[in-house]
Amino acid sequence: MRLPRIFRTTTFRMTLLFLAVFAMSAAAFLFYAWFATAGEVTRRADAEITREMNSLEAVYRRGGADALNQALIERASGERPFLYLLLDKDGKRMTGSIAESPVDVPGPGETWASFSVTDIDMDGGEVKRPARGVQEQLEGGETLFVGADVGESRGFVSGIVNALWGAGALVILLGLAGGAIVSRNVSRQMAGLTDTVAAVRGGDLKARARIRGVQDEYDELAEGLNEMLDRLERSMGGLRHAGDAIAHDLRSPLTRLRARMEAALIEVEAGKGDPKQALVQALDDADGVLSTFNAVLAIARLQAAGQAPDQTHFDPGQLAADIAELYEPLCEDKGLDFKAELTPQLTVKAARPILTQALTNIIDNAIKYTPPGGAVMLRVRRRSSGEIEFSVTDTGPGVPEEHRARVVQRFVRLENSRSEPGSGLGLSLVAAVAEAHGGRLELDEGPGAYKGSGPGLRVALVLPRVE
Amino acid sequence: MRILIIEDDVEAAEAMVRGLSDNGYDCTHAADGELGLAAAQKRDFDVLIVDRMMPKLNGVQVVETLRREGDATPVLFLSAMGEVGDRVDGLKAGADDYLVKPYAFAELIARVEALSRRRETGAVATTLKVGDLEMNLIARTVHRGETEIDLQPREFQLLEFMMRHAGQSVTRTMLLEKVWEYHFDPQTNVIDVHISRLRSKIDKGFERQMLQTVRGAGYRLDP
């Protein structure tokens, strides 16, 4: 038989453990309390008995056995009498309130004994009560026993002990109940998370844990779980999208390639036509397929790694200056006005090769889409937030605001750019690079109308500040 | 020129052997790392082309072993892995150049050519001379005949590379890698523009045009 769920939780097991520890300490405490009180009661009784014995001995020394006998008779009728027994030299009972001595084997001097006396209670029943006493040989040969009924004190002690037992039992009961309540509470908190995990395992990537907004450790865990799921969903979505996109973008060039090869084969078989043209075009198609494939792979690797590998600290202005030096002649050749505004002596932490590739992608794009007579500007600066911004501004047609988020996605190329070569992965790769550095890609409108073109585009790759 | 191709993909190796033989190279093929290492240890090759991923012994291990044995034969590494880390690993193992699959055949030929001639430049030269073009590496000046040619630092590096590989085809990717130290393919003809600027500086006004465009491959500096 399995225990109900609530008794199988960790919290409940912890409660049990604490209870066990508590019960053990309670037992130790109980034992000590009993030991201390019971011992004290016995000591006190013994002291009183000893005092009485001394006083009676004094009477005996002054007046002999007769005076003692007299005193015993008087004292036996006192308010809270001791128990007395006086025996003569031959061991015959002379006087006393008990029939015979509880001491079986009298030793020399004092002999202590614990015994019980039989009492008649109010209902006429017999009650045995614990008693204690001491026996001593007097100088004249008589034997004197003085005892006391300690039943009342013992009763007090056992009352305490019973109360402690009761309290212990109550504590354990309360503890069990408390444990059950706490673990039910914890279970209820965890249930939300467990349900979410189960739903995701069942294939529902949209399931999210509820956040109650009290900022406790469960909320923290739920937030962490949700964040993880968001990321997972994004990358799964990205993967699915990439799959579709690869299929879409690779299918057409592959189909074209196949058709060309087939046509060339037919022509060559028929003994007419030069296959060379077809082969050259086929090679171009193959290169296109490969570059798309490489870009997809690069993006996928960056996203899988989460963070760009081998990051180092370096001067972003220097990196941009090198790129500017590479591209400036190309701009000039295309009739574009090229300008670089590079803030010196900044520091970024990045994987230099892929950052370089991302920046050249942005500049490639800017040069490709800006008509002759336009301008391209490369800028590196530190934002007031401490972030490092690489930006490329051009005076080309720009990207309408409603499309800006979309062009960053993989493979998306706006319709009017279909005629330009390129895999359409440029900006998605840049976005992936930015993300792999904990940064982001921002697209804005450029400087506005410029020599018959515009409004232009401003692409900014923003990297986090270096601590 | 004798070339050893260590490559487990037999079809790819055959295509390579055919292409290189057509270009006047004497090729030997080894189909895995162990056979390749044994062949290379005979040391009668001018260039080794080593595939990175192979059964038994991988490319990095082959090159490392050879280098440990003091063999300095130029090695061109071939790999389907084009990531920065992979390239660094290959070069660290002792490879001299690295080519990512798939590659254009012209690229392979140009790289093999560059490697096979590397040995000939022994002593550290202070001047380079190709035809009537002369470069002083200390003073960092360039003359063509009597005319002094004023070059930007990068143009100087570009010309130096072309002069060191005079008579050979060099590809755009090689230039981007060796002169600019960038390891990616730009989408634009950015290298062509630099070459044409250099060309206008060294060839303009001269009858002989030294800096040639090689169709489908790249450029060549002729004496």
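The chains referred to below are lettered A, B, ... by the order of the sequence lines, with proteins before strands, and numbering in each begins at 1.
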TODO: Answer whether the closest heavy-atom distance between the side chains of B/Glu177 and B/Arg111 falls below 4.5 Å.
DONE: yes

Open item on the list: For B/Glu148, is the CD atom crowded, meaning more than 12 foreign heavy atoms sit under 6.0 Å from it?
Closed with: yes

Open item on the list: With a sphere of 6.0 Å drawn around CZ of A/Arg258, does it hold more than 12 non-hydrogen atoms of other residues, nucleotides or ligands?
Closed with: no

Task: Test: A/Asp394 and A/Lys368 ion pair at under 4.0 Å - done: no

Task: Under 4.5 Å from a heavy atom of chain B, the part of A/Asp287 involved - done: neither

TODO: Heavy-atom distances under 4.5 Å only: say whether A/Leu290 touches chain B with side chain, backbone, both or neither.
DONE: side chain

TODO: Sort B/Arg154 into side chain, backbone, both or neither according to what part of it lies under 4.5 angstrom from a heavy atom of chain A.
DONE: both

Open item on the list: Quick check on B/Asp192 against chain A: is it the side chain, the backbone, both or neither that has a heavy atom closer than 4.5 Å?
Closed with: neither

